[in-house]
There are 2 protein chains.
Amino acid sequence: MTNPLISKLERFTRLSSDERVTLDALASRKLRRIRSREHLIHEGDRLTCVNLIVVGWAHSYKVLADGRRQIVAFLLPGDLCDPHGYILNESDHSIAAVTPLTVAQLSPEEFEALNSPRLVQALRWDALVTSAIQREWTVNIGQRSALERTAHLILELFHRLESIGPINAKGYDFPIRQTEMADALGMTAVHTNRMLQILRKEHLIDLGDKHLAIPDLAALECLAMFNPNYLHLQHEGHHLDAKD
Amino acid sequence: MTNPLISKLERFTRLSSDERVTLDALASRKLRRIRSREHLIHEGDRLTCVNLIVVGWAHSYKVLADGRRQIVAFLLPGDLCDPHGYILNESDHSIAAVTPLTVAQLSPEEFEALNSPRLVQALRWDALVTSAIQREWTVNIGQRSALERTAHLILELFHRLESIGPINAKGYDFPIRQTEMADALGMTAVHTNRMLQILRKEHLIDLGDKHLAIPDLAALECLAMFNPNYLHLQHEGHHLDAKD
DNA sequence: CGGGTAATTGACCCGGGTCAACAGCAGTGG
DNA sequence: CCACTGCTGTTGACCCGGGTCAATTACCCG
């Protein structure tokens, strides 16, 4: 039951115990509970704080004038919603809960007080990875076929989940609906369903009842042409590691 | 002939003359010239500095194992290539010149010396806008039809160009080739060509000889369902404006 | 004049969208 | 306890937007 933000940042650099205490404190104060499907942010809102996802999954999305929706990101435990976004007048996207959610609200002052050199670098690394993920989504939707695309999203979520929590040999909770996957992948729910069926039939995924397992990771990564380099999970900030 | 980075940042907040002098100095030292098509960064390279585009256009892209290429961004004068990217071990994308390029190489130390409170906020704003653009590309490729998508890209570049230089009533230099537009839009060059023909026939764009004009901006924005909010160009940091 | 790159056009085809029906299941109220 | 409703997932039949392939034109630039 470790703090997922700490787990994630320590994929970059080992934090000091002081830093861990600070982050733990922030993740347990000013908690807000949000029901499934409810909104955290509406497009056009002013952002008054940085929301840290503590428990549950969310997604952010944009809608076109005629109602078409594109999910632009999934937010997992340990993810920050729009760090520094409070310097803008209004949010350019909406954020809604996929599951019941617990978020910690960090005021701009609290967020900017995370200013130890190591934490600053770790939070910058997190922001760079977030950007890299958004780039990869562009590649995914722009170039991969429906089957590859579906597999790639599953793999990305798999790797991101792995870096925030203990690995469960039996798989992962995977609470997103097919309509949400579809809107994230730029395809229809019907076709998403068919792609998932193929992946199941080929024994590349074991997905059901909001639970996912990947029996043959290498095969799925090969199919999706998945290259994890964009997640920058190789302890890239090891030279900053805390000693204690 | 003003510094395009200054023009851009002043869409957020008015800089002090000291800050403008500092940015001008950085944009005229350690210049590097790059021929059209040449690479600035290869995927996998370690980033040793922050490149500031001073003159010319570039694009960044990723390639899949089988050669498919997705352009993930166009870089215009005043754009920074991967600010803070030097904290990563390696770049997850490549950057290449679209036209002959002049870039200023900022060392990490020089870049981090841009630490006046106002500049820090302005650079954060720029990074937030860059992220918002990448999100919008996801929406564009995921949800818009080929025609809407083509129009949207043209409009985005139009607005970004406007914010870095004087408006030219006769239009803009628009040096990208149709194959590049195609790879940015996740479609084929053949189809991109057909979409451009439609836009020309409908008198929504006037494009030829590397030069673009938009005779009826409102009509094109309507077709593309273009909402400029994600570019955050409304002088959102006015409360930070310098007095001098 | 020749060679290479970019734009254009036509003919054909397929991946994924659309539409519609149906099944499974959880919640809810009588 | 069961009927009813609504949401999610599943399947089938049909169709179209955009891809593929190939040929042609239009420029540069040497």
Side-chain angles (χ1 to χ4, degrees), chain A residues 35-38 57 59 64 66-71 96-100 140-154 174-201 205-212 223, chain B residues 35-38 57 59 64 66-71 96-100 140-154 174-201 205-212 223:
Chain A
R35 283 190 293 270
S36 183
R37 315 296 197 114
E38 238 176 273
W57 290 33
H59 66 253
L64 300 187
D66 63 357
R68 279 174 277 174
R69 175 178 78 152
Q70 175 70 39
I71 292 177
V98 170
T99 67
N140 203 27
I141 300 176
Q143 298 300 327
R144 281 189 254 263
S145 72
L147 188 64
E148 295 161 355
R149 209 185 293 183
T150 308
H152 194 279
L153 175 61
I154 289 170
F174 196 81
I176 57 186
R177 292 170 269 279
Q178 291 182 5
T179 47
E180 287 157 344
M181 278 195 97
D183 283 349
L185 294 170
M187 43 199 250
T188 59
V190 172
H191 205 59
T192 304
N193 179 281
R194 293 195 229 266
M195 296 304 103
L196 289 174
Q197 312 254 2
I198 292 175
L199 293 176
R200 283 196 273 244
K201 196 165 300 169
I205 61 170
D206 185 0
L207 175 62
D209 200 26
K210 308 288 182 212
H211 197 266
L212 168 74
L223 165 67
Chain B
R35 283 190 292 270
S36 183
R37 317 294 198 113
E38 237 176 273
W57 290 33
H59 67 252
L64 300 187
D66 63 358
R68 279 174 279 174
R69 174 178 77 151
Q70 175 70 40
I71 291 178
V98 169
T99 66
N140 204 27
I141 299 175
Q143 298 300 327
R144 279 186 256 261
S145 72
L147 188 64
E148 295 161 355
R149 207 185 294 183
T150 308
H152 194 280
L153 175 61
I154 289 170
F174 196 81
I176 56 186
R177 290 171 271 279
Q178 292 183 5
T179 47
E180 287 158 344
M181 278 195 97
D183 283 349
L185 294 170
M187 43 198 249
T188 59
V190 171
H191 204 59
T192 303
N193 180 280
R194 293 196 230 266
M195 296 304 103
L196 289 174
Q197 312 253 0
I198 292 175
L199 293 176
R200 282 196 273 243
K201 197 166 301 171
I205 61 169
D206 184 0
L207 174 63
D209 201 24
K210 307 287 181 214
H211 196 265
L212 168 74
L223 165 68

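From a predicted model like this one, the values you see are computed outputs, not experimental measurements. Residue numbers start from 1 in every chain, and the chains themselves are labelled A, B, ... in the order their sequence lines are given, proteins ahead of strands.
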Original post:
Of B:V190 and B:R37, whose nearest nucleotide on DNA chain C comes first from the 5' end?
Top reply: B:R37
**OP:** In whole angstrom, give the distance that lies between atom CZ of A:R177 and atom P of C:dA26.
**Re:** 15 Å
Subject >> Rounded distance (Å) that lies between atom P of D:dC27 and atom CG of B:D209 >> reply: 10 Å
Subject >> Nearest atoms (heavy-atom pairs only) where A:V98 meets A:R177 >> reply: O-NH2, 3.4 Å
**OP:** Please name the pair of heavy atoms, one in B:I176 and one in B:K210, separated by the smallest distance, quoted to 0.1 Å.
**Re:** O-NZ, 4.3 Å
**OP:** Verify the contact: side-chain N or O of A:K210 to OP1 or OP2 of D:dG9, cut-off strictly under 4.0 Å; return yes or no.
**Re:** yes
**OP:** Could you check how far CE of B:M181 sits from P of C:dT8, rounded to whole Å?
**Re:** 12 Å
Original post:
More 5' along DNA chain D: B:A146 or A:N193, using each one's nearest nucleotide?
Top reply: A:N193
**OP:** Give A:G208 one of three labels, base, sugar-phosphate or nothing, depending on what nucleic acid heavy atoms sit under 4.0 Å from its own.
**Re:** nothing
**OP:** Rounded off to whole Å, could you give me the CZ-to-C1' distance for the A:R200 and D:dG9 pair?
**Re:** 9 Å
Subject >> Whole angstrom value for the distance that separates C1' of D:dG17 from CG of B:L185 >> reply: 15 Å
Original post:
Out of D:dT20, D:dT10, C:dT18, which nucleotide sits closest to the side chain of A:R194?
Top reply: C:dT18
Original post:
Rounded to the Å, how far apart are A:H191 NE2 and C:dG15 C1'?
Top reply: 6 Å
**OP:** Please examine the side chains of B:L185 and B:N140, heavy atoms only from C-beta on, and report whether any two atoms are closer than 4.5 Å.
**Re:** yes
Original post:
What integer distance in Å separates B:Q143:CD from D:dG18:P?
Top reply: 13 Å
Original post:
Is B:Q70 reaching over with its side chain to a backbone N or O of B:D183, donor-acceptor style, under 3.5 angstrom?
Top reply: yes
Subject >> Nucleotide D:dG9, atom P - distance to CD of A:Q197 in whole Å >> reply: 11 Å
**OP:** Please tell me which of B:A189 and A:L147 maps to the more 5' nucleotide of DNA chain C, matching each residue to the nucleotide holding its nearest heavy atom.
**Re:** B:A189
Original post:
Would you call A:M195 and A:L199 a side-chain contact if the rule is heavy atoms closer than 4.5 Å?
Top reply: no
